[in-house]
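Step one of this worksheet: look at the structure below.
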Number of protein chains: 2
Amino acid sequence: MLFQGEFNNAIDAKGRASIPAKFRDVLSSVFADERLIVTQNDGGLAAYPIQEWEKVLEKVNAMEASPLKDAINLALISPAIECPFDKQGRIQLTKAQRCYAGLESEIREIVVVGSINKIMIWNRAMHAEMRKQAENLLKTESQALYNLGF
Amino acid sequence: MLFQGEFNNAIDAKGRASIPAKFRDVLSSVFADERLIVTQNDGGLAAYPIQEWEKVLEKVNAMEASPLKDAINLALISPAIECPFDKQGRIQLTKAQRCYAGLESEIREIVVVGSINKIMIWNRAMHAEMRKQAENLLKTESQALYNLGF
DNA sequence: TTATAGTTGCCCACAAAGTGTAAAAACGTG
DNA sequence: CACGTTTTTACACTTTGTGGGCAACTATAA
């Protein structure tokens, strides 16, 4: 397990998001490279260690032309940009990234979520709403959950 | 990776579009030439560093005559024009270019998107709409995305 | 031709955004 | 509870983006 857990961190007035120390530790110990590529996905931001991102790129490049490939390029690849860490372990997000993720001006509360090989960053309120939706679905699937061992 | 990322910039009343400093840096450091050739493509504007544009031209010239070649000349090559930077890092777009890209008079909001070897300029609302379409398609292909590493 | 309106390029100035550093506050561990 | 680590706040400074003024030039019409 690489990135794991949820962290309620903040984004400052200039758009810098602090990344949990645990995730930075994973970057330096497992990947030996602190570079993060941040893209937009599903209403939030997804940050990939550069090695992971390059694997993704190779696979996408190998696809033959199709509407799906175009959509991936438009929605996932083009917006991607490297966001370097500052000395306090924060990454500077661009205006466009904040705009996409609902992190304008006065909004400071984010949640940083580990997701195996990537790190997701959400507007905290939005994330809470998504969780609620998910939990509602789970209520209708108690048997399946039981079978899974939950 | 040359041009990467999305930037929410503006076009002013005179039709000047500001190009992100990062992209200007790529032009001067990688291409050592700030000239941009701007053409029309797919409802937006595409700006090529002059070296990249010349590569394209050579390849098109090498094609033997065909309806496709004619269409390329008509739709992509003919409208192309060099748009020089002013000292504030903006390029002056012509009326025809703005008209084509849905950037008339009062519309100020654009998005400048890096796309490997070229820079795309979109009406921001139009781009958001395209992204939405793309994301809808992606939602139906979550297994494929997972396989690609997203 | 002259007058007029529109376009283009150049310049300046202000506002907004980004960067870097330091220090305070909060947190978690022993 | 005290300590070290982590996160947040605060401030100063730099860079970038945007709007506006002005003059030169172009095209059109009277």
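Below, chain A is the first sequence line, B the second, and so on; all start at residue 1.
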Checklist entry - Should we count CZ of A:R108 as having more than 12 external heavy atoms under 6.0 Å? => result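 Above 12, so yes.
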Starting at [atom1] of [X] and ending at [atom2] of [N], how long is that distance when rounded to a whole Å?
X      : N      : atom1 : atom2 : value
B:R90  : D:dG19 : CZ    : C1'   : 8 Å
B:F23  : D:dT16 : CZ    : P     : 14 Å
A:E104 : C:dA16 : CD    : P     : 16 Å
B:Q92  : D:dT18 : CD    : P     : 15 Å
A:K14  : D:dC13 : NZ    : P     : 13 Å
B:E82  : C:dG9  : CD    : P     : 11 Å
A:K22  : C:dT29 : NZ    : C1'   : 12 Å
B:F85  : C:dT8  : CZ    : C1'   : 17 Å

[N] phosphate, OP1 or OP2: any side-chain N/O from [X] under 4.0 angstrom?
X     : N      : value
A:S18 : D:dT8  : yes
A:K87 : C:dT21 : yes
B:R24 : D:dT15 : no
B:R16 : D:dG20 : no

Next on the checklist: Please verify the inter-ring angle class for A:Y48 with A:W53; under 30° counts as parallel, over 60° as perpendicular, anything in between as tilted.
Outcome noted: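 Ring orientation of A:Y48 relative to A:W53: tilted.
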Checklist entry - How are the rings of B:F23 and B:F7 set relative to one another: parallel (under 30°), tilted (30 to 60°) or perpendicular (over 60°)? => result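 Ring orientation, 0 to 90° scale: perpendicular.
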Checklist entry - Is a side-chain donor or acceptor of A:S115 paired with a backbone partner of A:K118 at a separation under 3.5 angstrom? => result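 No; judged by distance alone, with no hydrogens or angles, the pair does not exist.
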Checklist entry - Mind checking whether B:Y100 and B:T94 have side chains closer than 4.5 Å, heavy atoms only? => result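 No, side chains not in contact.
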Just call it for [X]: base, sugar-phosphate, or nothing, with non-hydrogen atoms closer than 4.0 Å on any strand.
X     : answer
B:N9  : sugar-phosphate
B:P20 : sugar-phosphate
A:K95 : sugar-phosphate
A:I19 : sugar-phosphate

Checklist entry - Among D:dT9, C:dT8, D:dT16, which nucleotide sits nearest the side chain of A:D12? => result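 Of the options given, the side chain of A:D12 lies nearest D:dT9.
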